[in-house]
Amino acid sequence: MGYTVLAKYKLISFDKIPSTQDHAHELIASGHASDSTVILAAAQSAGRGRFRRTWVSHHGNLYISFIFSCPERDGRLSYAIAVAVAETIASFGMHPQIKWPNDILVDNKKIAGILIEYSGPFVIVGIGINVNSNPTVDRYETTKMDVYSQTPLNELLSRLLRNIDTWRHSDFRTVRERWLELAACLNRPVRYQGEPAILVGINENGALVLRRDTRYLLVWGDEIGI
């Protein structure tokens with residue numbers, strides 16, 4: 001384990017731990033968490049995504065969790081983080097899209113995932129980016145950054161930190177506009193709770209807006225299918 005002060009961040013790095021996300025929860029529970037703490041691991045033995053799905057975490061990719069002070073839940077945060085991750089990937093010459101609620105795609109294949117969890121007065125933002133390897137997954141196709149571009153991990157981390165700072169502090173109207181530009185399947189059919197709908201956009205409070213026939217649905221955290 002190593003400690004580094006990087007700009008405004010306190011960076012805690014590991015060669016391998018079970019989960020950066022779980023370590024963040026442990027820091028908060030023990031009273032040792034502070035705003036802008038970052039946990040970075042070269043590999044994870046028990047990486048996870050939403051609904052505790054396994055996130056395969058071999059060496060060579062980026063696995064990171066941010067701890068931010070957050071006295072109240074904010075449904076708009078996930079959009080800012082998704083845009084920050086997508087912009088980071090785009091800066092290496094790729095053309096990412098954002099798939100609600102937490103996936104970043106390149107060529108319709110998952111290249112990164114985001115996991116946002118709240119704990120006490122903090123929010124934990126977990127990000128995994130496939131850089132040098134990508135898992136084989138039954139439910140969807142995956143890809144990795146080095147298919148498209150040489151991606152030094154240190155430079156990827158540096159750009160990600162800058163983009164997280166930029167987009168977390170941007171006006172939500174700006175975030176919303178960019179998210180819609182990057183959104184996969186905007187104004188196209190998707191499946192929500194097993195039934196077809198049209199992805200229309202997001203509202204000013206951060207709800208996803210779907211249309212089913214003449215009804216409009218506001219979606220906060222449920223998955224949609226492409």
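Using a 4.5 Å heavy-atom threshold, the side chains of Q97 and L182 count as separate. Between H25 and I124, some side-chain heavy-atom pair lies under the 4.5 Å cut-off. Residues I198 and Y192 are not in side-chain contact: their nearest non-hydrogen atoms beyond the backbone lie 4.5 Å or more apart. For the pair W167 and Y79, the minimum side-chain heavy-atom distance is 4.5 Å or more. The shortest side-chain heavy-atom distance between V209 and Y216 falls under the 4.5 Å cut-off. For the pair Y148/D107, a side-chain contact is recorded, criterion being any heavy-atom separation below 4.5 Å from C-beta on. Side-chain contact between F92 and V131: absent, with no pair of heavy atoms (C-beta onward) separated by less than 4.5 Å. Considering only heavy atoms from C-beta on, L115 stays 4.5 Å or farther from N102 through its side chain.
In this structure, D213 does not pair ionically with R215, as no charged nitrogen and carboxylate oxygen lie closer than 4.0 Å. Here E195 does not pair with R191 in a salt bridge; the nearest charged N to carboxylate O distance is not below 4.0 Å. Salt bridge absent: K8 and D35 never bring a charged side-chain N and a carboxylate O closer than 4.0 Å. The pair E87-R159 fails the salt-bridge criterion, with no side-chain N (NZ, NE, NH1 or NH2) lying under 4.0 Å from an Asp/Glu carboxylate O.
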Next item on the list: Carefully, step by step, assess V106 and H95 under the rule side chain to side chain contact (heavy atoms under 4.5 Å, CB included).
Entry: CA-CA 6 Å; V106 172; H95 302 284; 6.0 Å; no
Next item on the list: Evaluate side-chain hydrogen bond (donor to acceptor under 3.5 Å, both in side chains) for N132 paired with H59, printing each intermediate quantity in order.
Entry: CA-CA 8 Å; N132 295 299; H59 283 84; over 6 Å; no
Notebook entry, point to check: side chain to side chain contact (heavy atoms under 4.5 Å, CB included) between T142 and Y140: does it pass, once the steps are laid out?
Noted result: CA-CA 7 Å; T142 67; Y140 51 81; 3.6 Å; yes
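Of the candidates I81, T88, L62, I116, I127 forms a side-chain contact (heavy atoms from CB on, under 4.5 Å) with just one, namely I81. Under the side-chain contact (heavy atoms from CB on, under 4.5 Å) test applied with K110, the options D103, V137, I104, T143 reduce to a single match, D103.
Between V175 and S170 the shortest heavy-atom distance is CG2-CB, 3.9 Å. Scanning both residues, V190 and C185, for their nearest heavy atoms gives CG1-CB, 4.0 Å. The shortest heavy-atom contact between I89 and A112 is CD1-CB, 4.1 Å. What you find for I114 and A82 is that their closest heavy atoms are CD1-CA, 3.5 Å. The nearest pair of heavy atoms linking P96 to A90 is CD-CB, 3.8 Å. Contact between L210 and A197 at its shortest, heavy atoms only, is CB-CB, 4.2 Å.
Taking CD1 of I111 as the start and CE of M145 as the end, the distance is 5.5 Å to the nearest 0.5 Å. Residue Q44 holds its CD atom at 10.5 Å from CD1 of I39, rounded to the nearest 0.5 Å. The OG atom of S69 sits 5.0 Å away from the CZ atom of F122 when rounded to the nearest 0.5 Å. A distance of 8.0 Å separates OG1 in T20 from CG in L40, rounded to the nearest 0.5 Å. Considering OG of S133 and CG of D146, their distance stands at 8.5 Å, rounded to 0.5 Å. Note that CD1 of I224 is 12.0 Å distant from CD of Q193, once rounded to the nearest 0.5 Å.
Remark: the backbone N or O of E26 is paired with a side-chain donor or acceptor of S30 at under 3.5 angstrom. Within the 3.5 Å criterion, the main-chain N or O of N154 finds no donor-acceptor partner in the side chain of S158. No donor-acceptor distance shorter than 3.5 angstrom exists from the side chain of S149 to the backbone of T151, with no hydrogens or angles considered. Distance alone, capped at 3.5 Å, places no donor-acceptor pair between the N61 side chain and the N130 backbone. A donor-acceptor pair is defined here as one N or O able to donate and one able to accept, closer than 3.5 Å; no such pair exists between the side chain of R168 and the backbone of A80. Counting only distance, with no hydrogens or angles, the side chain of N205 and the backbone of A207 share no donor-acceptor pair below 3.5 Å. Under a 3.5 Å cut-off, the side chain of T166 and the backbone N or O of R162 do form a donor-acceptor pair. Judged purely by atom type and a 3.5 angstrom limit, Y118 uses its side chain to pair as donor or acceptor with the backbone of D74. Of the possible donor and acceptor atoms, one in the side chain of H169 sits under 3.5 Å from a partner among the backbone N and O of D165. Looking only at distances, no side-chain donor or acceptor of S36 sits under 3.5 Å from a matching main-chain atom of Y9.
Taking hydrophobic clusters as Ile, Leu, Val, Met, Phe, Trp and Tyr residues chained together by side-chain heavy-atom distances below 4.5 Å, V200 does not share a cluster with I202. No single ILVMFWY cluster, assembled from side-chain heavy atoms under 4.5 Å apart, contains both L218 and L199. Transitive grouping of hydrophobic side chains (ILVMFWY, heavy atoms separated by less than 4.5 Å) keeps V123 and W220 in distinct clusters.
Crowding of E141 atom CD: a count of heavy atoms from other residues, nucleotides or ligands under 6.0 Å not exceeding 12. Other residues, nucleotides and ligands contribute only 12 or fewer heavy atoms inside 6.0 Å of the CG atom of N108.
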